[in-house]
Structures are given as structure tokens and as C-alpha cells.
Amino acid sequence: HFRAVYEHAYPADELMPLTCRGRVRGQEPSRGDVDDALGKFSLTLIDSLDTLVVLNKTKEFEDAVRKVLRDVNLDNDVVVSVFETNIRVLGGLLGGHSLAIMLKEKGEYMQWYNDELLQMAKQLGYKLLPAFNTTSGLPYPRINLKFGIRKPEARTGTETDTCTACAGTLILEFAALSRFTGATIFEEYARKALDFLWEKRQRSSNLVGVTINIHTGDWVRKDSGVGAGIDSYYEYLLKAYVLLGDDSFLERFNTHYDAIMRYISQPPLLLDVHIHKPMLNARTWMDALLAFFPGLQVLKGDIRPAIETHEMLYQVIKKHNFLPEAFTTDFRVHWAQHPLRPEFAESTYFLYKATGDPYYLEVGKTLIENLNKYARVPCGFAAMKDVRTGSHEDRMDSFFLAEMFKYLYLLFADKEDIIFDIEDYIFTTEAHLLPLWLSTTNQSISKKNTTSEYTELDDSNFDWTCPNTQILFPNDPLYAQSIREPLKNVVDKSCPRGIIRVEESFRSGAKPPLRARDFMATNPEHLEILKKMGVSLIHLKDGRVQLVQHAIQAASSIDAEDGLRFMQEMIELSSQQQKEQQLPPRAVQIVSHPFFGRVVLTAGPAQFGLDLSKHKETRGFVASSKPYNGCSELTNPEAVMGKIALIQRGQCMFAEKARNIQNAGAIGGIVIDDNEGSSSDTAPLFQMAGDGKDTDDIKIPMLFLFSKEGSIILDAIREYEEVEVLLSDKAKDRGLTGILLYFTSWDSGEMRESEPSDIDYYYHPAYGRPHLLIYWRSLEGELSFSHYL
Ligand code: DMJ
């Protein structure tokens, strides 16, 4: 896969694994903030440098470092995220440097190395510094690599807000840069930003919000959790203590941790709350980024909740094959995509290290099997567009090689498999390795000592030391198992709970004066209660009513709080109702040669015709209808008879197209968008409505594809003529069936039958023909492959 990146993507920032090319910013449709990680600086190459050494690919590492030094330009006129550039690029260069000097010292590889990666890191560090030019010391979220900030050419610097993690995840890389180079300014800036966030914590709850105004220091989003927007701020407080040995970081971490365990942790769940009202849940769903938290709890030494949350997450994964980007408290999919995030693998690795329980190896095996089965595509691994349908996105983020590969490899590696002692390093949030000896190098910044500012916490076990899990739980697998046991069916046995968390948020015990589901706008008693709670009713012209709450207009602060909860419940209820009316996406899977089911396209459903979630999938060859818009009787019924007809969107109702192809004998239809360039990567799911009349006469399934996905089928027809697809609600298993190989050992003659994972199809557009791949393990345990046309 490293090779695939070099072959198809380099020097682009990322690999597009479905189309086997590089993602160059500006040449692809914008994906919004996600693209801010791309700085035209060969992101994936830099982000995966130290992974190569961990995987014992020292020669490849040496080549990759030479490529970085030869080709990478850090002075591009591109606006990038300060956070992403820090964790991925600065962290990648520093991780690469850390292992380069380690290798050089060993005497075999990297003998020519003269701190060149560190010099690049320093150059990049100076490029990021102008972002800190704010009164608060919190950095701007974005910077132009060439022009810095606020100059007209910079096209950035007008932002007022940043996320807590964005401002609070710098200290490891910046301090390492200072200590490696002796230039103290980086560590100073990162410390100042952290000090400011600490000052701004909500004093009664000790929690921080998700976004903060970089000029005034006011919290912009006052919800608080351990996932998106905050996650690595907590991680860096604890790890800064480990790397820098500064007690104040540990004290801050412990204060926050106490608040997290008091309010956010609702084992096995971790639920966002409001910083000012921490007993009030802010959401009824969790995001996938919080899956790193059990790993952090291991570092903290709080193993029990780590095991519980990890187990809950694993069950969600078993249900959907991957962790959806967000899922509800009753474990339904909330956001269906999964960009191959590594957080769960990371926690699995740390839990295995802490407990020695082989259960975590089984978990790792499942992760690898699912990746191979569902995400592996011609040129790499593709992000899941929708875990429910198994459809892909043409995306492989750099963290997949930087983190996922590293953690999964380390999970199964023995000490001897790694050519250096991994315990001498700390993992950054992007899994880059920084040596612990930095704590005693260039310590020009004075350590803060304990001050009265920190609350005394009942955390006596763990206040000052990193716990040694070998002593706490001396590799006793039963310990972890006994914690998991009661949670065995927590996900499967959970019934849809709808708005349960909001209900539970009425924790004070007092009966809520009015429930959202009972509310009737015509009931005068209800209107009276609303008024008391500070909620006013606005009648809109179209007959709908809008509710607005002003706490100040409530009869008392308790009524205001009830009003807030009522509004929250109302929001949940209406979003749930909206969701119920929405049909889930469908999948079009190309099953014929040379795709063999590996390409799965996200398709929009129709509100009429055969419901694919209730019936077996429909399989057939595709044929374009004539006329292509399908708006009149087809002139080529013989071509579409018994096939799945392709029709273009536009000029008449979807139902009319469906009737015309059905009359011609088609067994299904795919409507392709006529808006050129549209794609399910950038547009929300599209649902085909009926024509307002009875559509019961339409018996065939109809699906909708945006133009980019549609053109994959049209291109396939042009190239292979016969293209067979499967229309379904979920992609079916792909891979080879019916081929059995026998492997014979060269030495002993011992023979074994191939397993499904030994064989794969591989299709590379450049070769134009499929390859059959056979994997085998040599006596030395090395995995190799061979391909035949
Ligand atoms: C990574 O880039 C880092 O782990 C970051 O802290 C947040 N998550 C992404 C991967 O999901």
C-alpha cells in the first residue's frame, strides 16, 4: 500500500484509491474543511515516514526520506489547517527525524543523515508561528503557507473561532521542535495557548467547550465531550506531562478528567453535556473520534471504564463492520460514513498492552478482516461512504498509513519484531513517535510547580505516577473479561430508545411540566406552560409553528431550565421524525469482470417501485434506454428487456421513466443525474419522489446515481460492453469463490489449502486486465504476493 501511494499518487497529498490517482487540491471538487489538511506537501509520504520504520521497512524509509528532502516544498500558496499541519506534517517530520537519528546511531542505515528533516520541521514551525498573533495567544485555525495570515494574498485571517483541540494540540510537536533545535519560541507559544484554554475552562464544571473565540476567549459552542473538537486537548495535557515531566500539565489533566468522569462518562457511554449545566446532556449521539479515549484512560491508569467503553464500541463495530462517524445512544447509525479512522485500533492496542488479554488480539483480527473484506479496493483502502450499504468514497486519508497500520502492526508484533524499543517513545495524536529523552534536553522553559489553583482530587492512586499495569493487573486476562461480561449484549439488546437521553436528562427527579411529544399548539394549558418556561410560539405563513426560547422571559430559573430541556427534546423529536420519513441509501455494486463486486456506488432510493430492503437484491446486465431520458415509449425494448435500464434524469417525472422502462421489459432502472460533476461525495443523499399519483403499478426497483458515480458505469460499458450490476440495500460480499489452491512447503513438502485471505482479485486500470493475487507466507513469516494475468 505504501507502494500504491508512490505509484499512483506521489507527489500528491493523498491517494484516491478507487480511481488510482493522487488527490491534488484544486483539481478535485472541494470537500470543505477536510481539504485544509492538503498543503501540496506530499502529506501521506510525510505522515507515514515513521510507520515504515515500525514495520521494519528501513530501506524504504531511507528512500522516502530522500524523496521528502528532494521533492517537498513547504512554501506553497495554499491555506492549510494549523492543527492538521502540526499533527500530520510537523509531527511526521519530527517522528521521521526521531527514528532517523536512532537508525544512524545504530550504524547501518541513514549514515548520511544530517538532521535535514529537523531543518524542514523548523522551517515549517516558523511558517506556523504567525497564526499565534492574537491577543489570546490561541492560534488562528488556518494559515497560508506562503503568505502567512491577514495579508490580502493570504486569503485567511478573518476567522474568529477555533476548536479547543485545534488550539490545544500543539505542545508535543512544538516542545519537541524546541528541544531538538534549542529554539524555545515554539514551546513557549504552545504553552501560552494551553494556559489560556486552562484559564477559560468553565470554573464550576471544569469542562471546556468545543469552540472558542480566539480574540475574546468566549466559548462559542458550550457543549463538551471527549470526541470531535476537544479530544486531543485532553490527550496532550496528559502526554505533555509524560514527555516534559511538568506537573502542572498532570494537575490540569486530572482536574478535567475528574469532571469528565463525573459528567460525561455514563458507562459504557461517553455523552456530551453543557459546560454550564453539566448534568444536562447536549446530544443523543456519540462521534467516532471518542474511540481514542479508552486508550488515553489506559495511559491514565483507569482501566475499568476503558474496558467498558471499548467493549461497547466493539459491539457497535460488529453490528456495522466499522464504527459509523456518529451513532445514537441506542446504537443506531447517526452519520453513516467511516473514513477508516484509527482511534479504535489505537485503544485496542493500548488495552492489549495493559491487560495482556488475547481477546484484544481477536478484536484486532476482526478489524483487519473487515478492512480486507469491505474497504480494500484496487489501489489501496477506500473510506466507507456508508457503513450500511458498504459503499465507498474515493478517499484514503493519510492517517490510515500513519496510525491504523502502525497500531494494528504493533498490536500483533513481538518485541523482537521492532528494531528499536518502542517504550522509549511517546505517540503523538497522529501516532508519531517522539523520544522520551527530550524531557531532559534543552529544558529552558521553567516548569510550573503545583499551585493552589488546582483542586485537590481524590485520585490518590494515580496523581503522580504513570501506573504500571503489570503491577496493577499482572497480565490477568480474567480481570478484563470480568468487566466485559456484563456488557456482552449491550448493543444487541438495546431497544430503540429515541429521545431517551433527553428524558434521562431530567435528572433532578422533578417531573417535567410538559413533554415535547405531548405538546399541542391548540391546547391553552400547554401554551400557558410554554409561556412560563420562556418559550414563545410564532405561527408561520405556511401553517407551521416555530418555537423560540428566551431564558430571560421565563418565570424563574427552574422554569428556564425546564424550557431549555423542552426545546432540546423538541429538536430531537423533529429530527427523529424527519429521519423516519427519509429512506436509507442503496447500493449499486458492479459485479462483472473485472470489478467482481469491488466497486460499490452509493445510490439514492425511490419512493416507489420495489423496496430493496424488503426484497432480494436485483441483479442484471445494464443497457442504456432510447431515448436516454426515458420520457417516452422506448425505441429499443429488445436491448433493455430483462436488463437494468440506464436513464438520464430530467424532462419528465421519475415515475414516468420507470413506467416506460418497465413496459419495455426492464427488470430495474438506474437514473443518472444530468448535472455534470455531481457526486455523492459532495451532495446529500437524493431521493426520487413519485408523481403525486398512485405508483403501485411500478413493480421494478429504481435507483438514482449522481453523475460521477453514473459515469463509472457508463465508462465500464464503453470498455467492457457487458456490465452486470447488483441493486441492493447493502453491498454483498465480494472476493473469489470457487478457487482453491494448494501451498506446498519447499522444505518439508507439507501442504495446506488456501484460505479466503490468500486470494484476491486486483484490477489496475493501467493494465486493463485483472490480476489474480496469491499471497503466501515465507518461512521467515514474510508476506509476499505474486500476480498473473
Ligand atoms: C487523526 O488525524 C488524529 O488522530 C487526530 O487527533 C484526530 N483524528 C484523526 C484520525 O481520525
Side-chain angles (χ1 to χ4, degrees), residues 13-14 31 33-39 41 43-51 80-95 139 141 162-174 190 194 210-211 225-240 270 286-296 299 313 317 322-327 335 337-350 367 371 375 381-384 387 393 395-408 410 426-434:
D13 283 316
E14 280 179 353
R31 301 172 301 169
D33 291 354
V34 193
D35 284 340
D36 288 345
L38 314 176
F41 37 32
L43 174 67
T44 304
L45 177 69
I46 294 179
D47 213 5
S48 57
L49 282 179
D50 51 11
T51 304
V80 292
S81 150
V82 171
F83 165 78
E84 299 291 358
T85 307
N86 174 58
I87 66 166
R88 303 195 200 197
V89 186
L90 189 57
L93 292 170
L94 291 170
T162 196
C163 74
T164 301
C166 303
T169 311
L170 298 148
I171 186 73
L172 293 188
E173 293 80 3
F174 273 45
L194 276 182
V210 174
T211 43
V226 296
I230 302 185
D231 47 4
S232 43
Y233 161 63
Y234 293 135
E235 178 183 359
Y236 269 34
L237 283 180
L238 183 56
K239 290 186 174 176
L270 288 159
M286 289 165 274
D287 63 60
L289 285 163
L290 62 74
F292 90 104
F293 200 67
L296 189 65
L299 188 64
L313 293 169
I317 289 174
F322 297 97
L323 198 58
E325 196 65 342
F327 53 96
W335 295 335
Q337 72 271 33
H338 169 74
L340 308 183
R341 289 199 188 279
E343 284 77 4
F344 182 78
E346 172 184 349
S347 284
T348 306
Y349 166 64
F350 287 113
L367 297 183
L371 281 171
F381 287 85
M384 304 307 293
V387 296
E393 210 175 320
R395 161 177 183 190
M396 188 177 98
D397 290 74
S398 68
F399 51 68
F400 184 69
L401 294 184
E403 295 193 67
M404 185 78 101
F405 262 49
K406 209 180 269 156
Y407 285 124
L408 287 176
L410 286 172
I426 190 155
F427 292 92
T428 68
T429 193
E430 189 77 359
H432 293 307
L433 295 168
L434 298 176

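Atoms within a ligand are numbered from 1 in the order they appear, just like the ligands themselves. In what follows, every heavy atom counts, from backbone to side chain, and hydrogens, waters and symmetry copies are set aside. Residues take their numbers from the sequence shown, with the count starting at 1.
Counting atoms of ligand 1 from 1 in the listed order, those under 4.0 Å from a heavy atom of Ile87 are 2 (O), 3 (C), 5 (C). Set against the non-hydrogen atoms of Pro342, the atoms of ligand 1 under 4.0 Å away are 10 (C), 11 (O). Atoms of ligand 1 lying under 4.0 Å from any heavy atom of Thr429, numbered from 1 in the order shown and given with element: 3 (C), 4 (O), 5 (C), 6 (O). Numbered from 1 in the order shown, with element, the atoms of ligand 1 that lie under 4.0 Å from a heavy atom of Leu289 read 7 (C), 8 (N), 11 (O). Less than 4.0 angstrom separates some heavy atom of Glu403 from each of these atoms of ligand 1: 1 (C), 2 (O), 3 (C), 4 (O). Those atoms of ligand 1 that come under 4.0 Å of a heavy atom in Glu430, given as number and element, are 1 (C), 2 (O), 3 (C).
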Query raised in the report: Which is it for Phe293 and Phe344 under the ring-ring contact (aromatic ring centres under 6.0 Å, His included) test, yes or no, and what are the steps along the way?
Result: CA-CA 9 Å; Phe293 200 67; Phe344 182 78; over 10 Å; no
Query raised in the report: When you look at Arg341 and Glu403, which way does the salt bridge (charged side-chain N to carboxylate O under 4.0 Å, His left out) test go after all the steps?
Result: CA-CA 9 Å; Arg341 289 199 188 279; Glu403 295 193 67; over 6 Å; no
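Side chain of Lys406 to main chain of Ala431: a donor-acceptor pair is present (N/O by atom type, distance under 3.5 Å, no hydrogens or angles).
When the options Leu290, Leu289, Ile317 are evaluated for a side chain to side chain contact (heavy atoms under 4.5 Å, CB included) with Leu323, the one that passes is Ile317. A side chain to side chain contact (heavy atoms under 4.5 Å, CB included) with Glu14 holds for exactly one of Asp35, Asp47, Thr44; it is Thr44.
Inspection of the Tyr407 and Glu343 side chains reveals no N or O donor paired with an N or O acceptor under 3.5 Å.
Taking any N or O of Glu343, backbone or side chain, at least one lies under 3.5 Å from an N or O belonging to ligand 1.
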